[in-house]
Amino acid sequence: MPHTICLIEGDGIGPEVTAAARAVLDASGAELTWLPLAAGAAAAERFGDTIPEATLEAIRTHRIALKGPVTTPVGKGFTSVNVRLRKTFNLYAAVRPVRSLRGIRTRYENVEIVVIRENTEGLYSGIEHEVVPGVIETLKVTTKAGCERIARYAFAYARSRGRKKVTVFHKANIMKRADGLFLDCARRMHEEVAPEIALEELIIDNGCMQLVRDPSRFDVLLMENYNGDMVSDLCAGLVGGLGVVPGANIGDEGAIFEAVHGSAPDIAGKGIANPLGAIGSLALLLRHLGELGAAERIDAEIERVVRAGQVTRDLGGTLSTEACGKLVADGIAQAP
Ligand code: NAI
């Protein structure tokens, strides 16, 4: 059954990296049609809204999207497009597989971690107010339903992928109620969904130290929204940086796939951004649709170009975004 994929190019390096992913998909022969949609700072200028209603309607209809990063103003301005999309479509699970790629020089060679992050609540509820002048409150909203849902997802994910351990990062020593609830739900979902998988609990500060000391001891990581945002970037740093890590935002009624990096204004328009995170996100999208063969071919091609040292500047190479994407696309087109 042919699918329509909503395509949000996004801001900054978004159009460059999504164009590379698009070229790869076109080379794969998968029967998918692109539906380009506007969102982000550029959409706000053209349509007066960072997510025009036509974009929301199309995602509601087709339920699947590949998205480039979008710029969010710091300390002022509009609500994050990502937060809005994740809340609107209830994309409660952010899934970010972080793995070592042979050929990239990093401190570690054997990282194989999947970060699973609650994506709709916690500190990113977006509810802030000034209580009295000079005193701001930001609400961290934690619900039993939300915690159970993400924990159930994480254990089901671990079981279906043959993973051995889920480590929960938390701060329940300080946020006894909120993170205590998160931890309690993780324990119960562990028993209910996958008791054969090991459950480990670490206070997040110790967890971060353990991650940089020996990431190979970790398998699946489960955490709430804010912690997951930080820790997934930290994990990206273990395997070569933000340019190589793909991501998925999964809900029961839709899914949006995007690399973990942002719009990188410092390199936007220069044609030097690494497209592998976006291309890897396309592979996750295809796997989600059941197109396993195409997804595996893309992952294998990413490994091949990196092993051959055919990479962009962030990884020490000289390739442009387009050339890197074309190498992957050509490899896919030539694959038997
Ligand atoms: P960033 O991820 O855009 O950039 C951080 C650093 O990593 C920069 O030096 C950048 O050049 C580099 N980098 C990022 N992606 C790269 C790639 N593909 N290839 C090579 N180098 C790459 O994070 P930053 O600067 O904190 O945020 C910039 C904007 O992006 C902000 O407006 C932020 O809100 C937004 N953002 C959007 C996200 C999304 O839409 N999913 C995620 C993260 C940030």
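We count residues from 1, following the sequence as given. The figures here come from the full heavy-atom set of this structure, side chains too, leaving out hydrogens, waters and symmetry mates. Both ligands and their constituent atoms are indexed starting at 1 by order of listing.
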Practice task
Might you list the protein residues in contact with ligand 1, defined as having a heavy atom under 4.0 Å from one of its atoms, sorted by chain and number?
Solution key: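 These residues qualify: Ile13, Lys67, Pro69, Val70, Thr71, Thr72, Asn82, Leu242, Gly243, Glu258, Val260, His261, Gly262, Ser263, Ala264, Pro265, Asp266, Ile267, Ala273, Asn274, Asp314.
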
Problem - Under-4.0 Å salt bridge between Lys164 and Asp219 - result: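 Salt bridge between Lys164 and Asp219, a charged N being under 4.0 Å from a carboxylate O: no.
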
Handout entry: Salt-bridge criterion met for Lys171 and Asp205 (N-O under 4.0 Å)
Key =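 Yes, Lys171 and Asp205 are salt-bridged.
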
Problem - Results of side chain to side chain contact (heavy atoms under 4.5 Å, CB included) for Arg213 - residues two or more places apart only - result: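 Testing Arg213 for side chain to side chain contact (heavy atoms under 4.5 Å, CB included), a comparison that skips the adjacent residues, returns Met209, Gln210.
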
Exercise for the section: Could you tell me which residues satisfy side chain to side chain contact (heavy atoms under 4.5 Å, CB included) with Ala42, sequence neighbours excluded, listed by chain and number? Expected result: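 Side chain to side chain contact (heavy atoms under 4.5 Å, CB included) list for Ala42, sorted by chain: Asp11.
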
Practice task
Go through the side-chain N and O atoms of Asn225 and Arg86 and say whether any donor and acceptor fall under 3.5 Å apart.
Solution key: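 Judged by distance alone, the side chains do not pair up.
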
Validation: residues 230-239 side-chain donor-acceptor distances under 3.5 Å, sequence neighbours left out:
unit_1: Ser232; atom_1: OG; unit_2: Arg96; atom_2: NH1; d: 2.7
unit_1: Ser232; atom_1: OG; unit_2: Gly228; atom_2: O; d: 2.8
unit_1: Ser232; atom_1: OG; unit_2: Asp229; atom_2: O; d: 3.3

